Amino acid sequence: MSTQKKPSRPEKITTQTVVEMKQRGDKISMLTAYDYTMAGIMDAAGVEVILVGDSASNVMAGYDTTVPMTLDHMIYHTSCVVRAVDRALVIGDLPFMSYQVTAKEALISAGRMMKEAGAHAIKLEGGKSVSSTVKRIVDAGIPVMGHLGLTPQSIYKFGTYKVRAKEEQEAKELVEDAKALEDAGAFSIVLEKIPSDLAKKVTESLSIPTIGIGAGPHCDGQVLVIHDMLGLNKDFSPRFLRRYEDLHSKMTDAVSHYISDVKSGDFPNENEQYN
Ligand code: KIV
């Protein structure tokens with residue numbers, strides 16, 4: 001009889017895991033991914049949550065806003081990520097106009113994200129205005145992450161990507177929106193580009209975790225767009241962004257080196273050909 005052990009499977013991160021992390025005071029790491037190769041690297045590195053964000057519109061498709069993204073685009077990107085992941089919780093972002101018209105349409109969109117892409121949860125933007133929709137989706141067995149503060153799908157309403165909820169009234173509404181999402185059954189909420197003190201207040205008022213981007217250190221977790229944190233986007237430098245690499249320069253150098261090797265005849269060499 002063989003005594004060889006099966007390779008141990010990594011323990012999967014679930015929506016429960018992230019709620020328990022908040023309870024224990026363990027910070028949650030989340031990053032975006034849109035393709036198989038990057039998602040595989042992140043999962044192996046140990047990130048707990050991978051968001052297939054509609055920021056794919058900017059960093060993958062080259063649009064100025066997230067508005068043009070379709071549900072089919074998001075399902076495609078999410079399915080690529082899901083195929084790479086063994087451990088992380090994969091959240092598929094519902095794009096603009098795939099959930100705002102009716103709760104029924106939202107449920108159908110969320111269902112497609114789960115069944116066709118294999119997402120483990122969905123994310124959508126908005127507070128009180130979408131809380132009955134969130135409840136409908138959660139009641140159908142689909143976990144929902146909310147998104148408050150700067151909600152990029154509403155860029156044409158805001159007119160700017162500046163910090164949100166600096167004024168008392170908007171801050172008060174944001175606190176109410178967060179509570180409405182929690183009451184509707186959301187398992188977590190992204191807080192984007194809001195003052196750090198407000199993020200602290202919201203985080204302390206909820207039993208579900210908050211994940212911040214430009215929302216300071218008091219959130220239960222943090223998220224960055226992978227292209228931004230790897231320094232692939234040379235021209236995007238908001239104050240909240242920490243760049244962990246300068247891949248724009250490294251890739252430019254590698255491609256330039258390759259071009260010059262091809263032109264000089266240095267590539268391919270003896271070992272890089274078949275005899
Ligand atoms: O689409 C996205 O990448 C996001 C994150 C910035 C939270 O919503």
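Owing to the predicted nature of the structure, the values given are computational and were not obtained by experimental measurement. Counting convention: from 1, in listed order, for ligands and their atoms alike.
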note = Under 4.0 Å between heavy atoms, the region of Thr32 that gets near ligand 1 turns out to be side chain
message = Under 4.0 Å, heavy-atom basis, I'd like to know which part of Thr66 is in contact with ligand 1: side chain, backbone, both or neither.
response =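 Under 4.0 Å from ligand 1, Thr66 contributes no heavy atoms.
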ask   = If you measure from each heavy atom of Lys123 to ligand 1, is any distance below 4.0 Å?
value =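 True for this residue.
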ask   = Can you name the closest pair of heavy atoms from Ser207 and Lys22 and give their distance?
value =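 Between these two residues, the closest heavy atoms are O-CD, 3.6 Å.
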Salt-bridge criterion met for Glu11 and Arg87 (N-O under 4.0 Å) =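 Result for this pair is no, no salt bridge flagged.
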Ion pair Lys166/Glu170, N-O distance below 4.0 Å =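 No, no charged N to carboxylate O under 4.0 Å.
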inquiry  = Only heavy atoms of His147, strictly under 4.0 Å: list the atoms of ligand 1 that pass.
reply    =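 With His147 as reference, the close atoms of ligand 1 come out as 8 (O).
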ask   = In ligand 1, which numbered atoms sit nearer than 4.0 Å to a non-hydrogen atom of Asp93?
value =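 Near Asp93, the atoms of ligand 1 are 1 (O), 8 (O).
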Identified side-chain contact (heavy atoms from CB on, under 4.5 Å) partner of Met145 from the options Ile211, Val18, Leu181 = Ile211
ask   = Under 3.5 Å, is there a donor-acceptor pair between the side chain of His77 and the main chain of Tyr34?
value = yes
message = Given Gly53, Gly149, Ser55, identify the one with the heavy atom nearest to atom 3 (O) of ligand 1.
response =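 Among Gly53, Gly149, Ser55, the closest heavy atom to atom 3 (O) of ligand 1 belongs to Ser55.
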ask   = Between Glu192 and ligand 1, is there a nitrogen or oxygen pair with a distance under 3.5 Å?
value = no
message = One pair to check against salt bridge (Lys or Arg N to Asp or Glu O under 4.0 Å): Lys179 and Asp183. What are the steps and the verdict?
response = CA-CA 6 Å; Lys179 186 79 183 94; Asp183 290 346; 3.0 Å; yes
remark   = of all protein heavy atoms, closest to atom 6 (C) of ligand 1 is Ile213 CD1, 3.7 Å
inquiry  = Give me the residue, atom name and distance of the protein heavy atom closest to atom 4 (C) of ligand 1.
reply    = Leu51 CD2, 3.6 Å
message = Is it the case that atom CD in Gln273 sees more than 12 heavy atoms from other parts of the structure closer than 6.0 Å?
response = yes
